[in-house]
Amino acid sequence: MSKPAVPFSVTIEVRDACLCMHVQRAARALARRYDAALRPAGLTGGQFSILMSLNRPQPPLLGQVAELLAMDRTTLTANLKPLHRRGLVDVVPDAQDRRGRRLVLTAAGSEALGRALPAWRRAQQALGRALGKARLDDLLASLRALA
């Protein structure tokens, strides 16, 4: 058997120290928790985030939402399709620039957010209890700094 190009000791180093890997792992675990919490309300954690990002006085441009959620426009568009089919979101041309698209939270979308909010709050509180307020605040500050 030939010697590997990367020694196993480096694999252990990356496993223990890679920020990207640990953030992705934590993100998947958190997504599963929020998905389970929001399932009775008929939403996933990602759908809740998208709908909440549209809950503003004026409908945002698609690009603004993509930037806020750190998603590329095509991924956001794909994630909007099931929400649009369910009548929770409308996509309309921008009045000032017909090439732009505004994302409108419909009345049904607002109602879905209202139904999901108590479940989201319970999930938040459970994570807050598990981490403690100081660790949760530090984690949120660190994640904001990275984003």
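Worth saying up front: this structure is predicted, and the values here are computed from it rather than measured. By convention here, the first residue in the shown sequence is residue 1.
Within the structure, every pair that satisfies the side chain to side chain donor-acceptor pair (under 3.5 Å) test and touches residues 123-137, not counting sequence neighbours, is listed here: Tyr34-Gln124, Lys133-Asp137.
For the atom pair CD of Gln47 and CG of Asn79, the computed distance is 8.0 Å after rounding to the nearest 0.5 Å. The distance from atom CG of Leu83 to atom CZ of Arg86, rounded to the nearest 0.5 Å, is 6.5 Å. Atom CG in Leu76 sits 8.5 Å away from atom CZ in Arg73 (nearest 0.5 Å). Taken to the nearest 0.5 Å, the CG atom of Leu54 stands 11.0 Å off from the CD atom of Gln64. Lys81 contributes atom NZ, which lies 7.5 Å from atom OG1 of Thr77 (distance to the nearest 0.5 angstrom). Expressed to the nearest 0.5 Å, how far CG of Leu68 lies from CE of Met52 amounts to 12.0 Å.
Taking hydrophobic clusters as Ile, Leu, Val, Met, Phe, Trp and Tyr residues chained together by side-chain heavy-atom distances below 4.5 Å, Leu38 shares a cluster with Leu117. Two different hydrophobic clusters hold Leu30 and Leu136 under the rule that ILVMFWY side chains link at heavy-atom gaps under 4.5 Å. Taken together through direct or relayed side-chain contacts under 4.5 Å among Ile, Leu, Val, Met, Phe, Trp and Tyr, Leu62 and Val92 form parts of separate hydrophobic clusters. Under a hydrophobic-cluster definition in which Ile, Leu, Val, Met, Phe, Trp and Tyr are linked whenever side-chain heavy atoms come within less than 4.5 Å, directly or via other members, Leu139 and Val23 are assigned to different clusters.
No more than 12 heavy atoms of other residues, nucleotides or ligands shown are found within 6.0 angstrom of CZ on Arg121.
Side-chain atoms of Thr106 come within 3.5 Å of backbone atoms of Gly87 as a donor-acceptor pair (strictly under, hydrogens ignored). When atom types are taken as modelled, the side chain of Arg102 and the backbone of Pro59 share a donor-acceptor pair closer than 3.5 angstrom. Counting only distance, with no hydrogens or angles, the side chain of Thr75 and the backbone of Met71 share no donor-acceptor pair below 3.5 Å.
What you find for Pro40 and Ala36 is that their closest heavy atoms are CD-O, 3.6 Å. Between Ala17 and His22, the shortest heavy-atom distance links the atoms N-NE2, 4.4 Å. For the residue pair Val14 and Met21, the shortest heavy atom distance occurs at O-CE, 3.9 Å. Minimum heavy-atom separation, Ala112 to Leu88: CB-CD2, 4.1 Å.
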Verdict with supporting geometry, Val89 and Val104, side chain to side chain contact (heavy atoms under 4.5 Å, CB included): CA-CA 6 Å; Val89 173; Val104 179; over 6 Å; no
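Side-chain contact check for Leu127 versus Arg33: some heavy-atom pair is nearer than 4.5 Å.
The only member of Val65, Leu103, Leu105 that meets side-chain contact (heavy atoms from CB on, under 4.5 Å) when paired with Ser53 is Val65.
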